[in-house]
Amino acid sequence: MSAMKTAQQAIDLILHQGLRETKARHSNVLKLEKSVPEQKNKQGAIAMYRSKAQMAKSWGTIYTSKEAVYDNYATSTHWTPNVFNYLTYTDAAKHYVKGAKEQNLSQINTLVVDVDYHNAEERHAKFAEVWDTAMLDVQFLPTLILATTKGYHIYYVFDEPVFVRRHANGKLPAVRAAKAIAKSLKQYYAQKLPAVDVTCNSFGVFRVPRPDNIEYFEPKMTVDFQALMTWSINFANDQHQIKSQTTQWSFKARRTSRQIDQPWFQALINQTDIDQNVGYGRHNTILTLALACYSSNVSQAQCFDILDEFNSNLTHPLVTQHVQKVIRDAYSGQFHAASREYVNALLETWVPDADRRVYLQRSQTTWYKYAKPRSERVNSHVHEWQADLLAYFNKTISQDNNWFTKTSLRHISQELTICLGSLTKALKDLIDQGLVYREKGSGRQATKFATRSSLLQHAMRLQRQQRLNYWLTVARLLEPSEELVALQQLSLDDRQDHYRNAQLSLLDTG
């Protein structure tokens, strides 16, 4: 199947029947709606944007038919994959789109996870890690993965759209349930991928499928909404139990010593001359204050309000997006609280000496040290060895262009400079988790190693190869003229029924 047809197939799968099949005016498709007057398609609306800059300004175009989407998706970068009841423009020139709010949702077609890295090189290097996370403990597979400028948009498309109905009390239970699932998805990703954006709008704007950005697409891997909801509930319950245990211990340890109540916090947050031209500048100050908020159980939204006001009062403030990123880093769970070393350095830099001593003497709190980078430590943690092993296996499997790699523990130990004891322990944990498969060789034959992602990708390739072999066998039994017709079936990818239904649906254009 051509890349363009694959993109259109992905768009059609995501939208379900949320839009008209053809344009209301100037359609290039023959209209047959008079043949079946009693049937009408759902007439919703989506928005598409031609660049990220235009998307940020809500400068887009409204579409109410799949035909119009197919005509314009190649020149667009972003869209709203979930369908709204209606969308309007706020200006006479019809540039700025209005109405893309969850209260106006018509149907929920998909949930999307946004993963961002520093650059395209890191994005490419982390694909295997993203893929392993996207499988949701091998319970669900993503339907679609799109490459963005520095990351990925991972689509979980529902097998049936979730229609939004408003109850008599004004609430939207379908939206509430979908938001809970989306929250669990982002939290699950955040535990494994620090680059995930946990604050993105679950029903907002994402990358549109195009021939140049589809990294993975499997139309059969749609998700059942109820099954995903069950997974979300179980995940949320597990997280609640872990949080309860951690919170209880943390409360006993620091119940009387919140860092935001300490004099040093007030001293720093009242400074206005903090600049960037020194070692401990605005970025370090905001990160330290954010960590103090995090350790004091201040919500991330409240923390942003506090530090946004602090930043606005600075003579040379940071860009708001940088403040948001620093707060996300502080709330990622990598650190416990503000470090005494950093607090002392910031006070020494920005607070008069006479006051600094008083601020530190009055501070009755538990101090934490920042975790040193791995390059500065002699020993590594088991999870770090496990990450090294997964990256090593995925890299060598990719280089071998196979679903497995043959090697020995001694060779891996030399390649990664891991002692055999640590290597054996890390490998055993990976095998127990189902992330690595091992088949010991007989005699002097090397052991085979495969990762969970390489096995699944191998299974998908086998399915495609089986379809290819089937049609090649059929083609050999036919006349030359019929052989070409049979080989053309290879491009259908078992979607004959889908296209037949799509043709029939043209009878219902609304």
Side-chain angles (χ1 to χ4, degrees), residues 52 56 114-123 126 148-151 190 193-200 258-353 355-356 359-360 363 365-377:
K52 189 171 184 177
D114 181 11
V115 180
D116 279 321
Y117 291 103
H118 293 94
N119 48 53
E121 289 76 14
E122 185 180 6
R123 177 201 71 194
K126 296 287 187 179
T148 65
T149 305
K150 297 185 293 184
L193 301 174
V196 67
D197 185 359
V198 296
T199 62
C200 72
R258 295 198 312 168
Q259 288 194 331
I260 62 170
D261 297 331
Q262 301 303 318
W264 65 262
F265 183 89
Q266 299 301 324
L268 287 176
I269 206 165
N270 288 325
Q271 300 299 317
T272 58
D273 295 329
I274 299 176
D275 208 342
Q276 76 276 20
N277 296 323
V278 293
Y280 293 90
R282 300 168 302 179
H283 184 279
N284 282 316
T285 304
I286 292 177
L287 177 61
T288 301
L289 295 174
L291 287 170
C293 292
Y294 172 70
S295 70
S296 303
N297 295 323
V298 175
S299 70
Q300 190 167 341
Q302 290 176 319
C303 178
F304 174 75
D305 292 338
I306 294 171
L307 297 186
D308 184 51
E309 182 178 354
F310 162 75
N311 184 58
S312 300
N313 292 331
L314 293 177
T315 306
H316 302 287
L318 276 174
V319 180
T320 303
Q321 289 86 340
H322 291 174
V323 177
Q324 292 173 331
K325 184 180 185 304
V326 171
I327 294 174
R328 284 201 301 268
D329 292 341
Y331 277 72
S332 65
Q334 296 180 351
F335 310 107
H336 295 288
S339 165
R340 182 187 183 96
E341 176 187 352
Y342 275 76
V343 170
N344 189 39
L346 290 170
L347 289 173
E348 186 175 358
T349 305
W350 302 112
V351 180
D353 290 343
D355 296 332
R356 180 172 57 85
Y359 292 137
L360 285 176
S363 299
T365 186
T366 301
W367 296 101
Y368 293 88
K369 292 184 178 180
Y370 283 105
K372 289 184 178 179
R374 191 180 180 186
S375 58
E376 299 178 9
R377 288 187 274 119

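Please read these numbers as outputs of a predicted model, since none were measured by experiment. When reading the values below, keep in mind they use all heavy atoms of this one structure, side chains included, and skip hydrogens, waters and symmetry mates.
Here the straight-line distance linking atom CD of Gln259 with atom OH of Tyr294 works out to 12.0 Å at 0.5 Å rounding. To the nearest 0.5 Å, the span separating OG1 on Thr149 from NZ on Lys52 amounts to 6.0 Å. Between Arg123 atom CZ and Thr148 atom OG1 the span is 6.5 Å, to the nearest 0.5 Å. For the atom pair CG (Leu318) and CD1 (Ile286), the distance works out to 4.5 Å, reported to the nearest 0.5 Å. One finds the CG atom of Asp308 at 8.0 Å from the CD atom of Gln324 (value rounded to the nearest 0.5 Å). Asn284 contributes atom CG, which lies 11.0 Å from atom CH2 of Trp350 (distance to the nearest 0.5 angstrom).
Between Asn311 and Phe304, the closest side-chain pair of non-hydrogen atoms is not below 4.5 Å. Counting heavy atoms from C-beta outward, Glu122 and Lys150 have side chains that stay 4.5 Å or more apart. Contact check for Ile260 versus Ile306: no side-chain heavy atoms found under the 4.5 Å cut-off.
Nearest approach of Leu346 to Gly281, heavy atoms of both residues: CD2-O, 4.4 Å. Across all non-hydrogen atoms, the minimal contact from Phe310 to Ile274 is CZ-CD1, 4.0 Å. A pairwise comparison of heavy atoms in Tyr331 and Ala290 identifies CE1-O, 3.9 Å as the closest pair. Between Leu287 and Ala330, the closest heavy-atom pair is CD1-CB, 3.9 Å. Residue Ser295 comes nearest to Ala337 through the heavy atom pair CB-CB, 3.4 Å, listed as atom of the first residue, atom of the second, then distance.
For Thr315 (side chain) and Thr272 (main-chain N/O), a donor-acceptor pair under 3.5 Å exists by modelled atom type. With Gln271 contributing its side chain and Ala267 its backbone, the two residues share a donor-acceptor pair below 3.5 Å.
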